[in-house]
Amino acid sequence: MPVVRLLRLRAALTLLGEVPRRPASRGVPGSRRTQKSSGARWEEEKREDRVKWRQLEHKGPYFAPPYEPLPDGVCFFYDGKPMRLSMKAEEVATFYGRMLDHEYTTKEVFRKNFFNDWRKEMTVEEREVIKSLDKCDFTEIHRYFVDKAAARKALTREEKQKLKEEAEKLQQEFGYCILDGHREKIGNFKTEPPGLFRGRGDHPKMGMLKRRVVPEDVVINCSRDSKIPEPPVGHQWKEVRSDNTVMWLAAWTESIQNSIKYIMLNPCSKLKGEKAWQKFETARRLRGFVDEIRSQYRADWKSQEMKTRQRAVALYFIDKLALRAGNEKEDGEAADTVGCCSLRVEHVQLHPEADGCQHVVELDFLGKDSVRYYNRVPVEKPVYKNLQLFMKNKAPRDDLFDRLTTTSLNKHLQELMDGLTAKVFRTYNASITLQEQLRALTRAEDSIAAKILSYNRANRAVAILCNHQRATSSAFEKSMQNLQTKIQAKKEQVAEARAELRKARAEHKAQGDGKSRSVLEKKRRLLEKLQEQLAWLSVQATDKEENKQVALGTSKLNYLDPRISIAWCFRY
DNA sequence: CGACAGACTTAGAACACAATAT
DNA sequence: ATATTGTGTTCTAAGTCTGTCG
């Protein structure tokens, strides 16, 4: 049901995607591309470009506090018998215990991975005893953390204030750095605390132990002549380096995927802000190229080369549907998700005719964060024909675009416009959609509230285009249920009123007097009123439902060129 | 080229806190 | 005053994309 609604909204949007923008201007003069041939200067500029700072000074990361053993009254039980755990084993047990009310702990993979890693932390003796997770009882541990959270919530105003001040002190000490003479806020100045890995979707590694980060894991990046951050007493940094071509202040390798985690600046910092500005400039530049690029990929649908055809169809999807590029993923390392280039035959269904349209493509796959993308969309005939061709003689698990990689696609895009990559289309189409929608929805004479509603609706249109969804919380389910109960009650009232109306009508027919006539009228009005109320309630429910699964934050934060919003504010 | 590491952006969940309804 | 709902912030996972190396 929700999918159907999303679909309806998306269908309206897809049309918007077709709206032609501003007449194509010629290539931007003086763009880097044109300088490329002039060799040395460009090379120099490029190198210059890579330098991110001249001075960088900071305090290093703030480490997660050491493990605090459980108080004596809190015990772990194995097979019904209390058992005192070694500190290491106990710490990992608390990671699991505090998650007891989370869905994760019901998942077989999570449990298996946790138990496996937990056993590695146990002493030989513990390992000898603890052989089955089913016999483990963490309920006391769980209760301890629940109580602790409740106690924290119940603190007095003063105590809360004190905690807040302490956090602020920490922020002041570790949360800022000096970059080229300016004090800049750091985004994440704390190392990630140890815990159980919470992968999204069907992640094969969920439940694995995420190791505690120690200074010996951490590489510090700062300028050579700055005050080098002090490692915590008794510890050393893994390395101190001075690389001014990168933005990070500290880094360590995480123990689940062996990938690198970074301490970086806050988005409001100059460096991050400039990058965001550049991103929107690139998207804006695409405006002048997009018509030509579109006619180019349309022409390529008929190319002799399979590779070119696949690229052209993929690009059409990326442009029209705002799909992500879709890099290859190592399987077994993460959840099975795809993007455009990694779509498989099983994700696509072709309908010669559906919903009154010809050449309908049905896409159904899990994208980033295992969010489902479901869309039925009419496509141009050559696209449809090409898809038939790409799917011919392939198994469901085979790649749809077997001759295409994100690298080759981006290489092609780079040739069409300097700085163009697949994700630029998402930024471009998101921003242009906001602009178009704002224009279509806002009226100068509207109230402020109505204008804000228009803005939010435009924002929602973008979120739907980009498939930004959120899980409906349990609180939402409850409030939805309340609403449904109300609707049900109203329905019964309507049925009752209808029955009474029928009775009154029969009465009036039999008696034919004025009194029975006025009763009849009254009943009629009552029914009408109740029906109206019912209709309003179901509209509310629909609205709530639609809103609840759309997440506006991500597009607001990453995709909408702020200049569009600012211009709109000034205008209205 | 293709695999891989590295760096950076984008993402939803969880949490904290404020606004509003009851 | 308290419960409920909405909103902003924090956290960190999961993407994109580039550069390097064999």
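Keep in mind that the numbers below use all heavy atoms, side chains included, and drop hydrogens, waters and symmetry copies. As the structure is a prediction and not an experimental result, all values here were calculated from the model. In what follows, every chain begins at residue 1, and chains take the letters A, B, ... in the order their sequences are listed.
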inquiry  = Whether A/H468 contacts B/dA11 is assessed here as follows: a side-chain N or O lying under 4.0 Å from the phosphate OP1 or OP2. Is that the case?
reply    = yes

Atom-pair distance (NE2 on A/H203; P on C/dA13), nearest Å = 9 Å

key: Separation of C/dT18 P from A/N327 CG (nearest whole Å)   = 10 Å

ask   = How long is the line joining CG of A/L557 and P of C/dC11, in whole Å?
value = 16 Å

inquiry  = Just to verify, what does A/N113 make a side chain to side chain contact (heavy atoms under 4.5 Å, CB included) with, not counting sequence neighbours?
reply    = A/V109, A/M208

key: Set of ring pair (Phe, Tyr, Trp, His ring centres under 6.0 Å) partners for A/H182, sequence neighbours left out   = none

task = Check each residue of residues 254-268 of chain A for a non-hydrogen atom within less than 4.0 Å of any atom in DNA chain B, then write out the ones that pass by number, or none.
result = A/I260, A/Y262, A/M264

query = Any side-chain donor paired with an acceptor under 3.5 Å for A/N410 and A/Q414?
reply = no

query = Near DNA chain C, under 4.0 Å by heavy atom, which residues of residues 189-198 of chain A?
reply = A/K190, A/E192, A/P193, A/F197, A/R198

key: Nearest-neighbour nucleotide for the A/K329 side chain, C/dG15, B/dA11, B/dT9 considered   = C/dG15

No-H, no-angle donor-acceptor pair, A/R324 side chain to C/dG15 base, under 3.5 Å = no

query = Nearest to the side chain of A/V246 - B/dA7, B/dT10, B/dG12?
reply = B/dA7

inquiry  = Classify A/G339 by what it touches in the nucleic acid, base, sugar-phosphate, or nothing, heavy-atom distance under 4.0 Å.
reply    = nothing

request  = Provide, to the nearest angstrom, the distance between the OH atom belonging to A/Y104 and the P atom belonging to B/dA14.
outcome  = 7 Å

query = Is any side-chain nitrogen or oxygen of A/R426 closer than 4.0 Å to OP1 or OP2 of B/dA11?
reply = yes

ask   = So what does A/T245 hit on the nucleic acid, given a heavy-atom distance under 4.0 Å: a base, only sugar-phosphate, or nothing?
value = sugar-phosphate

remark   = Residue pairs meeting side-chain hydrogen bond (donor to acceptor under 3.5 Å, both in side chains), one or both in residues 95-105 of chain A, sequence neighbours left out, come to A/Y96-A/R111

Under-4.0 Å side-chain N/O to phosphate OP1/OP2 contact, A/T421 with C/dC17 = yes

task = Tell me, with the steps shown, if A/R372 and A/D364 meet salt bridge (charged side-chain N to carboxylate O under 4.0 Å, His left out).
result = CA-CA 7 Å; A/R372 185 179 177 201; A/D364 191 352; 2.9 Å; yes

remark   = Quick note, salt bridge (Lys or Arg N to Asp or Glu O under 4.0 Å) partners involving residues 245-272 of chain A, not counting sequence neighbours, are A/E192-A/K261, A/K270-A/E274

key: Integer-rounded Å distance: C/dT7 P and A/K556 NZ   = 8 Å

task = Can you sort out which residues in residues 399-407 of chain A have a heavy atom within less than 4.0 Å of DNA chain B? Ascending by number, please.
result = none

task = Ignoring backbone atoms, establish whether A/Y559 has a side-chain N or O less than 4.0 Å from OP1 or OP2 of B/dA11.
result = yes

message = Within the 3.5 Å criterion, strictly below it, is a donor on A/T337 or A/K329 matched to an acceptor on the partner's side chain?
response = yes

request  = Establish, with yes or no, whether the OP1 or OP2 oxygen of B/dT10 is under 4.0 angstrom from a side-chain nitrogen or oxygen of A/K423.
outcome  = yes

query = Which part of the nucleic acid, if any, lies within contact of A/A422, taking any heavy atom under 4.0 Å across all strands shown: a base, the sugar-phosphate backbone alone, or nothing?
reply = sugar-phosphate

task = Classify the nucleic acid contact of A/K210 as base, sugar-phosphate or nothing, counting any heavy atom under 4.0 Å across all strands shown.
result = sugar-phosphate

inquiry  = In this structure, is the centre-to-centre distance between the rings of A/F110 and A/W118 below 6.0 Å?
reply    = no

Residue pair A/T282 / A/Y428, side-chain donor-acceptor N/O under 3.5 Å = no

query = Tell me the salt bridge (Lys or Arg N to Asp or Glu O under 4.0 Å) pairs involving residues 54-66 of chain A, sequence neighbours left out?
reply = A/R54-A/D180, A/K59-A/E173

request  = Mind calculating the distance between NZ (A/K153) and C1' (B/dA16) to the nearest angstrom?
outcome  = 10 Å

task = Under 4.0 Å between any heavy atoms, over every strand shown, what does A/K368 touch: base, sugar-phosphate, or nothing? Just pick one.
result = base

request  = Scan A/G187 against the nucleic acid and name what it touches under 4.0 Å (heavy atoms): base, sugar-phosphate only, or nothing.
outcome  = nothing

ask   = Can A/D399 and A/R344 be counted as an ion pair, charged N to O under 4.0 angstrom?
value = no

task = For residues 162-171 of chain A, pull every pair meeting salt bridge (Lys or Arg N to Asp or Glu O under 4.0 Å), keeping only residues two or more places apart or in separate chains.
result = none

ask   = For the pair made of CZ in A/R200 and P in C/dA14, what is the distance, rounded to whole Å?
value = 6 Å

ask   = Which pairs, with at least one residue in residues 318-340 of chain A and sequence neighbours excluded, count as a ring-ring contact (aromatic ring centres under 6.0 Å, His included)?
value = none

Nearest-angstrom distance from the residue atom NZ of A/K279 to C1' of C/dT16 = 12 Å

ask   = Of A/D243 and A/H102, whose closest DNA chain B nucleotide lies nearer the 5' terminus?
value = A/D243

query = Can A/H347 and A/Y373 be said to form a ring pair (Phe, Tyr, Trp, His ring centres under 6.0 Å), step by step?
reply = CA-CA 10 Å; A/H347 300 127; A/Y373 181 93; over 10 Å; no

key: Distance-only polar pair, side chains of A/S223 and A/N244, donor-acceptor under 3.5 Å   = no

task = Pick base, sugar-phosphate or nothing for A/G553, based on heavy-atom distances below 4.0 Å to the nucleic acid.
result = nothing

query = Residues two or more places apart in sequence or in another chain: which of them pass salt bridge (charged side-chain N to carboxylate O under 4.0 Å, His left out) with A/E239?
reply = A/R241

message = One character per nucleotide, please: for nucleotides 17-22 of chain B, 5' to 3', B when the base has a protein heavy atom closer than 4.0 Å, S when only the sugar-phosphate does, - otherwise.
response = ------

